[in-house]
Amino acid sequence: MELFTNQVLAGIATGAIYACMALAVVMIYQAIDHLNFAQGEMAMFSTFISWQLMQWGVPYWGAFIITLAFSFVAGIAIERILFKPLAKAPVLTNVAGFIALFAIINSSAGLIWDFTIKQYPTPFGSAPFLGSQLISTHQAGMIGVTVLLLLGLYFFFQYTRIGLAMRAAASVPESARLVGINTSWMIALGWGMATAIGAIAGMLIAPVVFLEPNMMGGVLIYGFAAAVLGGLTSPFGAVVGGFLVGIFENLAGTYIPGVGNELKLPIALALIISVLVVKPAGLFGRHIVKRV
Amino acid sequence: MFGRTIRAAALAAAVISLASGGALAQKKYDTGATDTEIKVGNLMPYSGPGSAYGVIGQVEAAYFKMINDKGGINGRKVNFISYDDAYSPPKAVEQTRKLVESDEVLLMFDPLGTANNTAIQKYLTSKKVPQLFVAAGATKFNDPKNFPWTTGWQPSYQSEARAYAKYILKEKPNAKVAVFFQNDDLGKDYLKGLKDKLGARIIAEESYETTEPTIDTHIVKLKASGADTLVNISSPKFAAQAIKKIAEIDWKPLHILSNVSSSIGSVIKPAGFENAQGVVSATYLKDPSDPQWDNDPGMKEFQSFLAKYYPEGNKRDILLITGYALAETLAQTLKQCGDDLTRENVMKQAANLKDWRTEALLPGIYMNTSPTDFAPISQLRLMRLSGEKWELFGDVINGDTDD
């Protein structure tokens with residue numbers, strides 16, 4: 001029983017990582033209707049920027065805010081320069097673009113900051129949280145930030161004009177354009193926000209997995225699994241999906257005989273496929289789609 | 001009848017002695033060696049994910065430049081030809097072919113990486129080209145029977161694992177051992193060495209894949225097994241995660257960390273010094289970042305070599321002294337070859353290092369090879385993390401003997 005509780009708690013802690021990433025994945029999907037394979041690398045690069053700022057003596061929160069601003073602008077720039085010209089291109093062209101971006105960002109980060117791991121600070125400390133040795137204050141803080149982020153996004157999309165415009169531009173671009181929404185800039189805005197959320201995810205994940213150019217490789221796949229499970233159109237679903245994937249992965253690895261540790265990554269991939277086959281909208285996706 | 005036999009025998013003896021005497025006096029060469037030059041081929045990851053190791057090739061080149069400035073080896077200059085393999089096995093094969101067939105090197109020296117050395121081993125064996133002192137710890141590179149043209153250099157993973165096992169048996173005869181290992185050649189090699197010696201004392205094994213974002217769940221499981229000793233065979237990033245997680249969940253096992261991940265700068269420091277106190281590992285080289293060697297004559301010689309021939313190198317980097325020691329080992333082998341620079345004799349001499357050492361090795365550690373043992377270094381010393389550095393303790397342990 002203790003092992004069970006421990007594995008669930010450890011799963012929640014890892015799940016927070018996936019949830020953060022899934023949130024960024026869903027944001028970009030909302031804006032452009034594609035999964036961005038370079039999302040993880042963009043988050044990693046943002047995290048390196050903040051690390052570099054801190055190396056130069058900028059305090060944590062200063063670096064945090066500068067990095068968010070930088071990421072927001074960089075996200076918009078990437079959309080304007082790289083993906084706006086590809087807007088009418090087939091999906092595969094876009095996918096090729098994403099993969100190119102992935103390779104370019106990964107190698108550039110390696111070139112600039114090399115491939116050794118770096119320690120990354122946490123604003124929450126890493127003492128045990130509420131006496132539990134399995135969740136540290138950092139991981140608790142991470143869960144808190146994820147929830148705050150989620151609430152923020154909810155209000156943004158539900159109650160602000162620009163949020164509403166973004167949703168409209170993503171789901172029915174033709175009609176949105178007819179009512180005077182600049183859909184092209186809404187997409188760019190979506191990129192900017194997704195990149196900024198990715199940066200937050202990166203800065204929260206880095207203290208756990210250590211900062212290095214390949215830190216997001218595995219995380220992004222689990223983030224995809226979480227987003228698909230929760231529903232690609234629902235930020236709330238993505239977060240719930242993240243925690244579920246984290247717990248499910250640990251329990252399957254511990255209790256299903258024959259699955260074991262070798263198959264942890266395939267579990268995530270199997271999850272993506274089964275959800276897409278059985279319930280393509282994910283656990284929470286359908287509801288949102290109806291409202292729009 | 002008897003006289004004729006004697007005469008025939010005498011004649012035969014004369015012919016043989018003439019032939020062998022002639023050979024002794026005459027210099028013997030294979031492709032890649034002449035009166036003035038020995039061509040040595042090498043592969044290094046100067047680009048790509050392993051590019052941090054590229055400095056090993058650069059320091060080796062610097063070493064041979066020094067040797068050549070001093071007149072070479074037995075009067076022959078070493079022509080060190082080093083290509084980039086980008087840490088990629090297919091590229092390593094391509095570059096090796098180029099070195100052997102177009103540059104016509106006498107031997108391949110110190111290609112880096114287990115995968116790359118495995119990829120080129122078959123080709124070099126079929127061409128009968130020596131593959132000397134590979135920079136990889138896999139035990140399979142010491143297999144004279146099946147691969148008579150390949151030798152290892154550093155202590156193999158199994159030797160290292162057996163050294164830890166010996167320590168555990170001595171310090172904690174009733175230890176309950178948990179093993180955390182990377183699920184690949186590296187981890188399995190270590191695991192075999194541990195199992196050879198510890199057997200049933202290993203009560204839990206957990207493997208991880210390098211694709212996993214964090215390894216927290218494995219550490220939680222290992223703690224739950226009730227083990228009091230942990231052997232941690234992970235690559236740097238995961239080793240740092242493990243050290244941190246173990247401290248976070250307040251688990252206090254005797255923590256043994258593989259040499260692969262013992263770097264202060266890239267593992268211990270990111271994991272936090274306070275989390276790593278008392279961790280035990282093993283080593284065989286003098287670490288230039290450790291101030292205890294600052295006044296050591298061998299270290300001083302190394303530093304003055306760096307200052308003159310490789311001033312841009314980081315003089316505290318243990319990779320540099322590794323390359324230096326490797327190059328010294330090759331120089332010794334070629335010196336032993338004398339004027340018989342055939343590939344066969346090169347292998348014979350590489351398998352004939354007897355109690356030889358370079359000052360880059362820790363005191364008390366010697367290199368030994370024989371026709372049945374192609375592993376030059378089998379000895380290690382244990383070290384324990386104290387403060388911000390490793391402190392050596394205990395005697396030299398031989399990982400290949402049964403004592």
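Chain letters run A, B, ... following the sequence lines, proteins first, then strands; residues in each count from 1.
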Test log, rule side chain to side chain contact (heavy atoms under 4.5 Å, CB included), inputs B:Thr214 and A:Ile17: CA-CA 10 Å; B:Thr214 82; A:Ile17 297 179; 3.8 Å; yes

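The minimum heavy-atom distance linking A:Gln139 with B:Lys245 is given by the pair OE1-NZ, 4.4 Å. The shortest heavy-atom contact between A:Ile117 and B:Pro236 is CD1-O, 4.0 Å. The shortest heavy-atom contact between B:Gln241 and A:Val208 is CG-O, 3.8 Å. Residue B:Pro213 comes nearest to A:Gly218 through the heavy atom pair CG-C, 3.9 Å, listed as atom of the first residue, atom of the second, then distance.
Here A:Asn214 contributes atom CG and B:Thr211 contributes atom OG1; the two are 12.0 Å apart, rounded to the nearest 0.5 Å. Put simply, CD1 on B:Ile249 and OG on A:Ser136 are 11.5 Å apart, with the number rounded to the nearest 0.5 Å. Considering NZ of B:Lys237 and CD of A:Glu212, their distance stands at 4.0 Å, rounded to 0.5 Å.
The part of A:Tyr18 that comes within reach of chain B is its side chain, from C-beta onward, which places non-hydrogen atoms under 4.5 angstrom from that chain. If you measure heavy-atom distances from B:Ala240 to chain A, the contacts under 4.5 Å come from both the backbone and the side chain. Residue A:Asn106: no heavy atom, backbone or side chain, is found under 4.5 Å from chain B.
Within the 4.5 Å cutoff, no side-chain heavy atoms of B:Glu212 are placed close to those of A:Val209.
Each of B:Pro270, B:Gly272, B:Ser47, B:Ser51 has some count of heavy-atom pairs under 4.5 Å with chain A, and the biggest count is that of B:Pro270. Comparing A:Glu249, A:Met216, A:Gln119 by heavy-atom pairs within less than 4.5 Å of chain B, the highest count is held by A:Gln119.
A donor-acceptor pair under 3.5 Å links the side-chain atoms of B:Lys244 to the main chain of A:Pro207, judged by distance alone.
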